[in-house]
Amino acid sequence: MSNGSYTLVYNMLSLGIASMLFTSIFLFVARERVAPRYRMAVMVSGTVTAIAAYHYFRMFDDFKHAFGTDGMGVVAYNVGYRYVDWFLTVPLLLVETVAVLALAATVQRSLLNKLVPAAAAMIALGYPGDAQLNLLYQGDAPLWGLLSTIPFLYILYVLFVELGKGLAGQSEAVQRKIKELRLLLLATWGVYPISFIFNMNATGFDEGGFVLRETGYTIADILAKCLFGLVIFTIARIKSAEDDAEFAKTEFKK
Ligand SMILES: *C/C=C(C)/C=C/C=C(C)/C=C/C1=C(C)CCCC1(C)C
């Protein structure tokens, strides 16, 4: 791998570690700054970034072993760390999104019963393609990408159509934030299938495709987990202040 490519991916993974680690610390420490009923959403956000921080350490190590001068190709870079990470964090991201709305328990359960299995299917179907396992035939990655897109579109449908019904009871300010949150989700989750395509037709190792994929996944991860978690935290604070005048007075000095 060229020096430039190596440095770029090295720095991206390093940025991933820093973002995930310090967002986790912030969210855990700041959880007291929201009312108790919204703390679960903030804790789940912090758990997502903590799980991702761990996997970024793993990927960083793995990358150095695969391409650095200390390992020099002894092991092949394993994209599996990302998929294990997503398999855990993507359902949790959907849990935090639904949790922060504090909807009726039955509505919440019905949404999650649709979103969580779809998220698991999306990740599980993407892996054989991204890892170039060629399970069905040589060069079958586009097929896995296509299969994975079906649950992906279903998740977007649930979030934009079904969740929309749950928004009716929320205040103006919260509705605006939730819409922002959904747009952030759409804009960042949309980066993953595009990054997948960059490396999809690689036969053997394709440096350009690899660098674009890793850079795309890392930037998307930072926005979809850290920034997203901070927006969840903001929504939790707005809702806490709306629910409780005492909280509003001490936290917002209004
Ligand atoms: C924190 C990690 C997140 C939010 C990961 C999200 C991942 C996706 C939305 C992945 C989607 C994919 C497709 C829609 C098709 C190609 C294969 C995937 C798995 C990259």
Side-chain angles (χ1 to χ4, degrees), residues 12-13 15-21 23-24 27 44-59 78-98 112 114-136 139-160 181-202 209-210 212-232:
M12 290 313 297
L13 295 175
L15 180 67
I17 294 177
S19 311
M20 299 301 168
L21 195 57
T23 305
S24 309
L27 289 171
V44 174
S45 305
T47 305
V48 163
T49 49
I51 292 172
Y54 168 76
H55 284 103
Y56 268 89
F57 278 116
R58 291 270 62 78
M59 288 187 269
N78 179 8
V79 76
Y81 291 120
R82 286 206 184 270
Y83 278 79
V84 173
D85 178 66
W86 296 350
F87 199 75
L88 300 171
T89 55
V90 173
L92 288 173
L93 282 168
L94 295 166
V95 169
E96 70 187 59
T97 305
V98 172
L112 289 178
K114 292 170 187 159
L115 291 170
V116 170
M122 174 179 82
I123 305 304
L125 288 168
Y127 177 68
D130 227 352
Q132 316 272 4
L133 297 184
N134 300 310
L135 287 184
L136 298 175
D140 63 3
L143 177 65
W144 292 108
L146 205 64
L147 290 174
S148 167
T149 304
I150 299 167
F152 176 67
L153 294 177
Y154 177 70
I155 293 171
L156 295 182
Y157 163 79
V158 173
L159 288 178
F160 279 83
L181 189 74
R182 277 198 313 208
L183 282 180
L184 177 63
L185 190 142
L186 182 65
T188 56
W189 288 33
V191 173
Y192 294 91
I194 297 169
S195 305
F196 174 92
I197 289 170
F198 285 133
N199 201 47
M200 184 174 77
N201 292 313
F210 175 82
L212 279 173
R213 183 190 70 180
E214 291 305 311
T215 308
Y217 283 166
T218 305
I219 294 173
D221 270 355
I222 293 171
L223 297 174
K225 294 181 170 69
C226 301
L227 182 59
F228 193 82
L230 296 174
V231 176
I232 293 271

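For ligands, and for the atoms within them, numbers begin at 1 and follow the listed sequence. The shown structure was predicted, so the numbers you read here are calculated from the model rather than taken from an experiment. Index from 1, following the sequence.
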Students should be able to answer this: which protein heavy-atom is nearest to [atom], and at what distance?
atom                    : value
atom 9 (C) of ligand 1  : Met122 CE, 3.4 Å
atom 10 (C) of ligand 1 : Tyr192 CB, 3.5 Å
atom 16 (C) of ligand 1 : Phe196 CG, 3.6 Å
atom 2 (C) of ligand 1  : Lys225 NZ, 2.3 Å

Using a strict 4.0 Å cut-off to heavy atoms of [X], name the atoms of ligand 1 that fall inside it.
X      : value
Leu93  : 1 (C), 4 (C)
Trp189 : 4 (C), 9 (C)
Thr149 : 15 (C)
Val90  : 2 (C), 3 (C), 4 (C), 5 (C), 6 (C)
Asp221 : 1 (C), 2 (C)

Looking only at heavy atoms, what is the nearest atom pair of [X] and [Y], with distance?
X      : Y      : result
Tyr154 : Ala118 : CD2-CB, 3.7 Å
Val90  : Ala119 : CG1-CB, 3.7 Å
Thr89  : Ala52  : CG2-N, 4.5 Å
Thr97  : Leu181 : CG2-CD2, 4.0 Å

Selected option - heavy-atom contact closest to atom 17 (C) of ligand 1, from Ala224, Pro142, Pro193, Ser148:
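Considering heavy atoms of Ala224, Pro142, Pro193, Ser148, the nearest to atom 17 (C) of ligand 1 sits in Ser148.
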
Do Tyr192 and Trp189 have their ring centres less than 6.0 Å from each other?
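Centroid distance Tyr192-Trp189: not below 6.0 Å, so no.
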
Classify the contact between Phe87 and ligand 1 as side chain, backbone, both or neither, using a heavy-atom distance cut-off of under 4.0 Å.
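No part of Phe87 is near ligand 1 at this cut-off.
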
Other residues, nucleotides, ligands: >12 heavy atoms within 6.0 Å of Phe87 CZ
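Not more than 12 within 6.0 Å, no.
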
Would Asp130 and Tyr217 count as having a side-chain donor-acceptor pair, cut-off 3.5 Å?
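Distance-only check passes for Asp130 and Tyr217.
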
Against ligand 1, does Tyr127 come closer than 4.0 Å with any heavy atom?
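No.
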
Taking only residues two or more places apart in sequence, or in another chain, which ones meet Asp221 in a salt bridge (Lys or Arg N to Asp or Glu O under 4.0 Å)?
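Result, salt bridge (Lys or Arg N to Asp or Glu O under 4.0 Å) vs Asp221: Arg82, Lys225.
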
